[in-house]
Amino acid sequence: MSAQIIDGRQIAASVRAEWKLRAEKLIQSGGVTPGLAVIIVGDNPASSIYVRNKVKACSEIGIFSEVHSFSQDTQQQDVLDCIHALNQNPHIHGILVQLPLPPQFENNRVITAIAVEKDVDGFHLYNIGALVTGNAQFLPCTPYGVIVMLERHHISIEGQHAVVVGRSNIVGKPMALMLLERGATVTVCTSKTRDLSQFTKQADILVVATGKPRLITGDMVKAGAVVIDVGINRLPDGTLCGDVDYESVKSVADYLTPVPGGVGPMTITMLLCNTILAAERAHAGINYKYKQV
Ligand code: GUN
């Protein structure tokens with residue numbers, strides 16, 4: 001039997017439709033247009049595409065957005081000054097610094113300059129600490145998107161053995177924490193884990209985010225597993241593929257996400273949700289105990 005394909009485009013479209021109504025309500029009854037500021041430093045081509053897609057998605061859902069572009073050789077202080085001004089700007093509810101930053105930047109100095117109530121990426125150390133302790137204010141967008149995909153397919157997490165392959169701050173680590181919070185037994189591996197298949201074969205839910213094309217093959221997956229492929233890799237011939245070998249896993253797993261059209265469309269969707277949520281909270285006057293130092 002062939003796995004049921006989890007269609008990220010379809011789920012993203014329905015989530016966006018729901019949140020568009022929330023944005024409209026906020027605009028019409030609250031007089032507040034959700035606002036997102038995106039900071040990009042340098043000319044990384046992939047980052048430029050991501051930022052363009054984020055801006056387009058904002059305008060489609062009714063979020064005001066503005067982009068602050070800095071050159072590759074910008075001093076960190078210039079970016080910090082920009083963030084401080086955005087923190088004070090009442091029209092901006094979400095601030096996002098596109099990663100990676102050039103080498104002269106200290107990621108944590110920059111990200112922790114963002115007001116926690118505007119940290120729609122969920123990367124501020126406060127928000128990561130809140131996530132660790134089960135009090136997340138903003139869920140990081142990609143793992144949040146994975147959770148929504150599971151929920152929309154009524155795939156239960158509690159009591160399941162979830163194996164996460166990948167330990168990045170953006171996906172692997174927060175993904176493991178979110179699954180743990182929802183009652184899964186979680187194993188975290190990396191692409192370097194010795195005898196990786198010994199672990200992946202135990203997974204009821206397998207999430208792969210390593211950036212290694214087709215790392216996971218059918219013989220590494222338990223029959224009936226749910227396999228979520230976060231990878232997106234461009235092969236030398238120009239085609240895209242995930243970290244999961246789609247063809248061999250499809251006949252073993254019960255559920256599988258495709259690449260493209262799987263997790264990818266969910267990431268920006270959850271960013272839009274977090275921005276609207278931030279605007280709703282600001283409008284409702286919800287304050288955080290945490291204060292910027
Ligand atoms: N670079 C790659 N993914 C992301 C993301 O989700 N947020 C930001 N800010 N930068 C990224």
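Order of listing sets the numbers, starting from 1, for every ligand and every atom in it.
Ring pair Tyr255/His153: centre-to-centre distance below 6.0 Å.
Taking 4.0 Å as the cut-off, Phe123 counts as a neighbour of ligand 1 on heavy-atom distance.
Heavy atoms from both the backbone and the side chain of Leu99 come within less than 4.0 Å of ligand 1.
The backbone N or O of Gly242 sits less than 3.5 Å from a side-chain atom of Asn233, completing a donor-acceptor pair. Side chain of Thr257 to main chain of Gly262: no donor-acceptor pair is present (N/O by atom type, distance under 3.5 Å, no hydrogens or angles).
When only interatomic distances are considered, the shortest N/O to N/O separation between Asp121 and ligand 1 falls below 3.5 Å.
Taking both residues in full, the closest heavy atoms of Leu26 and Glu280 are given as CD2-N, 3.8 Å, listed atom of the first, atom of the second, then distance.
Counting non-hydrogen atoms of neighbouring residues, nucleotides and ligands closer than 6.0 angstrom, the CZ atom of Phe70 exceeds 12 such neighbours.
For atom 3 (N) of ligand 1, the closest non-hydrogen atom of the protein is Ile170 CD1, 4.0 Å. Of all protein heavy atoms, the one closest to atom 11 (C) of ligand 1 is Gln98 NE2, 3.4 Å.
In the vicinity of Val97, heavy-atom distances shorter than 4.0 Å reach the ligand 1 atoms 8 (C), 9 (N).
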